[in-house]
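Computed over heavy atoms, backbone and side chain alike; hydrogens, waters and symmetry mates excluded. Letters go in sequence order (proteins before strands), and every chain restarts at 1.
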Protein chains: 2
Amino acid sequence: MKKVTLSMKQIDTAQRILDTAERLFAQRGFHSTSTRALAHEARVNQAAINYHFGSKENLLEAVIERRLVPLIKLQINKLQTIRETALKERRRPKTKDVLLAIVEPTFTSIRSLLKNRSFFTLAGRLFSEPEGAARAIFQQKFEPLFSLLLNTMKDALPELPEELLVWRLFFSIGALVQAMRMFAGDVPVPDKITLVDDAAVVAGLLLTFVTCGMKAPLSIYEDS
Amino acid sequence: MKKVTLSMKQIDTAQRILDTAERLFAQRGFHSTSTRALAHEARVNQAAINYHFGSKENLLEAVIERRLVPLIKLQINKLQTIRETALKERRRPKTKDVLLAIVEPTFTSIRSLLKNRSFFTLAGRLFSEPEGAARAIFQQKFEPLFSLLLNTMKDALPELPEELLVWRLFFSIGALVQAMRMFAGDVPVPDKITLVDDAAVVAGLLLTFVTCGMKAPLSIYEDS
DNA sequence: GTCTATACGATGATAGAC
DNA sequence: GTCTATCATCGTATAGAC
């Protein structure tokens, strides 16, 4: 009984730290949130943060991982289904479907898990953090997804060289990150332009853009 | 003579701080670079940083501004030329040319100003950085360019709604930033894929991608 | 004006008592 | 596991030398 109580208490402490960190990091920013303020807000001792997560940087990783891992799993599952279905029906996967497997979960499934959209802002950090371990996390978690994505795209567009597909996939990811940040209201839009605020619509706009980009010919000679 | 000597010394000090900051911020990241280490590396006193730039954040702004302002001016000039030429010849600007006016200076003209690619790394990271003063800088400097870019694109693609153009332009910017970071070697590429290392080639790949994305129809119903 | 030496408050992290 | 006390380091401010 006592053991259970201690274990519960421990879990509860770590959980409160995680929840509070996600909220404060998103609201005030990572570097502007001190571990002292975080501990006070979460009603835990400051040292408990380091005890449970090792460091402030590791806490950030834990915050991001908690949301990102399920998302990536969902995307991988969708990609695998697309590959198997195409293989069974003896046809190529459709480029649009492949990209939809990445875009759609990002904008819909993840959203239900979050109370606010600030996590999108936080997630963008993964791509830009130069320092230390956050980088390794990104690489470690994304590599399997990207590998599968690249292979599926090779099936969809076999006439394009692999290196070109790599470049264009990264271009697409850049566009996706930007779309996430705009949807999160994190990008200031000039003048008096108001943008749609519907995840499905934004996902559709992005999907159209990246699908056309991926399927582009090797080089462009346009007349209009 | 004495004034000149003092002035030279001042410029030299501020210049060394700027150069060292650009290099260290890109290599180690902004927050991981202490003002003490920076001062030591630049062979200046630590307080000289605050004397010349006010604060560490202001120093970051100065680093960005030094590279960004000439680039943006060049892009604005190119866009204005495109608009005027199209107006004179009574035709629409070509979508590809409009995007080239953004992409080409980023990858070529600016490059000659840089000894290394540090600024690409720094700019790419800062663009995705949610916090801090760097945000305001980008916003302030980019707004005139984006406004002109949007108007020129409206001329090029008058059949598309303005809001759609805004979304797609931001998607394109996201792809551009990602391309910069990859060109700077700041993005880990999986497995044993080696990517081209020629600025003109990368610019061409990106241009094809974003041109097709911008010119995409309103929505996609693909069969392949 | 330009630069230096020094000091201050706050931060993230840690050691050891409980 | 949790706490208090303490540490090294951070960005910054200031007084004074040149």
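Proximity of A:Tyr51 to the phosphate of D:dT2: no side-chain N or O atom is located under 4.0 Å from OP1 or OP2. Between A:Thr35 and the phosphate of C:dG12, there is a side-chain N or O to OP1/OP2 separation shorter than 4.0 Å.
Within 4.0 Å (heavy atoms only), A:Ala47 reaches at least one base atom of the nucleic acid.
A salt bridge is defined here as a Lys NZ or Arg NE, NH1 or NH2 lying under 4.0 Å from an Asp or Glu carboxylate O, and B:Asp19 with B:Arg23 fails to meet this definition.
Judged by distance alone, the side chain of B:Glu22 and the main-chain N or O of B:Ser118 form no donor-acceptor pair under 3.5 Å.
In this structure, the CG atom of A:Asn50 is 15 Å from the P atom of D:dT4, given to the nearest Å. The nearest whole Å value for the distance from the NE2 atom in B:His40 to the C1' atom in C:dT4 is 16 Å. Rounded to whole Å, atom C1' of D:dC10 lies 13 Å from atom CD1 of B:Ile49. Taking atom CD1 of residue B:Ile17 and atom P of nucleotide D:dG11, one finds them 14 Å apart after rounding to whole Å. For the pair A:Asn45 CG and D:dA5 P, the computed distance is 11 Å after rounding to whole Å. Rounded to whole Å, the distance from CZ on A:Phe53 to P on C:dA13 is 13 Å. Distance A:Gln46 CD to C:dT11 C1': 8 Å, rounded to the nearest Å. Nucleotide C:dT11 holds its P atom 17 Å from the CD atom of A:Glu57, rounded to whole Å.
Atom CZ of A:Arg168 sits about 13.5 Å away from atom CG of A:Leu150, to the nearest 0.5 Å.
Each of A:Ser55 and B:Ala48 lies near DNA chain C, and the nucleotide nearest B:Ala48 is the one positioned closer to the 5' end. The 5' end of DNA chain D is approached more closely, in terms of each residue's nearest nucleotide, by A:Val44 than by the other of A:Val44 and B:Gly54.
Within a 6.0 Å radius of NZ in A:Lys154, more than 12 heavy atoms belonging to other residues, nucleotides or ligands are found.
For A:Ser34, the side-chain atoms get nearest to C:dG12 when compared with the rest of D:dG1, C:dG12, C:dT2. Distances from the side chain of B:His52 to the nucleotides D:dC10, C:dC3, C:dA13 place C:dC3 closest. In this structure, the nucleotide among C:dG12, D:dG11, D:dT2 sitting nearest to the side chain of B:Arg36 is D:dG11.
Between A:Phe146 and A:Phe142, the distance separating the two ring centers is not shorter than 6.0 angstrom.
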